[in-house]
Amino acid sequence: MTDGPRHLLSLAALDDAEFGHLFERAAALADGAAPGAPLAGLTLANLFCEPSTRTRASFELAARRIGATVLNLDLTRSSAVKGESLADTVRTLHAMHTELFVIRHADEDALVRLARTLGDARLAIANAGEGRTEHPTQGLIDALTIHRHFGGCAGIQVAIVGDIAHSRVARSAVHALHRLGAALRIAGPASLMPGAGEIPEAARCARFDDALEGAQVVMMLRVQRERIAAGGAPDAGAYFADWGLTEARLARAHPDAVVMHPGPFNRDVEIASDVADGPRQLIWHQVALGIPVRMAVLEWLAAGL
Ligand code: CP
C-alpha cells in the first residue's frame, strides 16, 4: 500500500505483510483470542448500495463487539437518491465524527475513486463488495475456512464453479488462495466465464466433471442475475441440469471433498438442497468466520487512523 490513510479496497492492494497480518489475526480471533475494544470511541457507518445479509450483519456485529458505535445507512433511501455523491455522503457522516466506512457498491473502481477523492481525510474505507472486482473480506473468509478445515491451504485442490464472470467473490477467493498456495481451477457455462487472460492464477475447465475430478473443495457460486442484461441469464432449471451441484456430481470429487458457497445460495439452481444441507458443506462455517475476519480488518483499519 502507498502512504496515506489505510483502506481495505482489495486484497490485490495488500502487500504480503499486510495480508499475512490480517489472515493470522482473523485466525487467532476465530480461535478465541480476546479482541479487546480497539474501536472504542469510534463510529462505523455501513453504507450499502446493494442488498446484503451476511456482510452487513457481520460487519455490524464485529464492530460492536470491539467497541464501535454503528450507523446503518441504506444508500437507496438516503440523500444519494436526491443526487448527493458518495463522496459527499461520506464527508457528511465524517463531519458527524464517523471514522470507519464499510461500503458496498455496484460500480467497478467506485471505492478507489472515492478514496482518491477523499485524499488525506482521517477515515478508513472497507470494501464490502464492489461490482465484479473484489469482495476482500469474503476472500479472507473463504481462505480461512479452507485453512481451518485442512490445516492449511498449500496444495489444496479448489474448484470454483458457476458464474465466474460476474463474481467479485471468485476474484477475491482466487487472490487469497493463490497467495496461500492452493491449486485453483474455475469452471462454468461459456457465457459466464471471464474473458481470456482474466484470473490467470486458475486453470480453466470447460466441463463441470473436469473441474470436480479430485477436487478437495468445491466452491459453488450464484448466477448474478442483477449483473446480466435482461434476458441473458440462463433458465434456472436448465442451469441446475448442467451446472447444479448434486450428490451424484459431488461423488466425482475427492472422497473427502467439502462444499462451500459464499451465499446467498439458490437451492436447486447452483446447488441441490440436499448438498446444501448435507454433511460435507462448510457454508455455515463460512458465515461464522465473517465475524473474526471483519474484527481483524476493522482493528487494522482503526490502527491506521
Ligand atoms: N457473501 C455475501 O457477500 O453475502 P451478502 O450479499 O448477504 O452480504
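Whatever order the structure lists ligands and atoms in, that order sets their numbers, starting from 1. Scope of the values below: all heavy atoms of this structure, side chains included, with no hydrogens, waters or symmetry mates. For this chain, numbers begin at 1 and follow the sequence in order.
The protein heavy atom nearest to atom 4 (O) of ligand 1 is Arg54 NE, 3.0 Å. When hydrogens are left out, the protein atom nearest atom 3 (O) of ligand 1 is His135 NE2, 2.8 Å; that is the closest non-hydrogen contact.
Between Asp210 and Arg185 no salt bridge is recorded (no basic side-chain N to carboxylate O distance below 4.0 Å). Look at Arg168 and Glu130 and you find no salt bridge, because none of the NZ, NE, NH1 or NH2 atoms lies under 4.0 Å from a carboxylate O. Ionic pairing of Arg148 and Asp31 is present here: one or more N-O contacts between side-chain nitrogen and carboxylate oxygen are shorter than 4.0 angstrom.
Proximity of Arg104 to ligand 1 is established by a heavy-atom distance of less than 4.0 Å. Using a 4.0 Å cutoff on heavy atoms, Gly129 does not count as a contact of ligand 1.
Other residues, nucleotides and ligands contribute only 12 or fewer heavy atoms inside 6.0 Å of the NE2 atom of His285.
Ligand 1 has no nitrogen or oxygen under 3.5 angstrom from a nitrogen or oxygen of Arg56. Note: an N/O pair closer than 3.5 Å links Gly263 and ligand 1 by distance alone.
A distance below 6.0 Å separates the ring centres of His147 and Phe23.
Closest to atom 7 (O) of ligand 1 by heavy atom, among Thr53, Thr55, Asp142, is Thr53.
Listed by number with element, the atoms of ligand 1 under 4.0 angstrom from any heavy atom of Pro262 are 1 (N).
Side-chain atoms of His175 and Arg171 form no donor-acceptor pair, as typed in the model, at a separation below 3.5 Å.
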